[in-house]
Amino acid sequence: MGCLAAAPFTPWPFAVLLAGGAVACGLGLLAAAVHARATGWGTGAVGWLTLLYALVLALVTLGTM
C-alpha cells in the first residue's frame, strides 16, 4: 500500500511499483516456504524456497545492470 501511495509523487513511479511488487512476491514466497516447512517437507517447501532463491537472484542481477 505504501508503494501505491508513494508512486505518483516520485520521479520514477514504475520503479517504486516494481520494488514494492518484488518485496510482496518475496514475502509471499517466504511465507509459503515457512508454511510448507512447518507442515512437512513433502508439501513443497523445497519448491517454494527454490522460487524464492530464483527471485532473489533475478533482483540481484537486475540491480547490477
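Just so you know, residue 1 is the first one in the sequence shown, and it goes up from there.
Residue A7 comes nearest to T10 through the heavy atom pair O-OG1, 3.0 Å, listed as atom of the first residue, atom of the second, then distance.
Once rounded to the nearest 0.5 Å, the distance linking CG of L51 with SG of C25 reads 11.0 Å. Note that CG of L49 and CG of L29 are 9.0 Å apart. Values are rounded to the nearest 0.5 Å.
By the rule that hydrophobic residues join a cluster once side-chain heavy atoms approach within less than 4.5 Å of another member, L17 and V23 end up as members of separate clusters.
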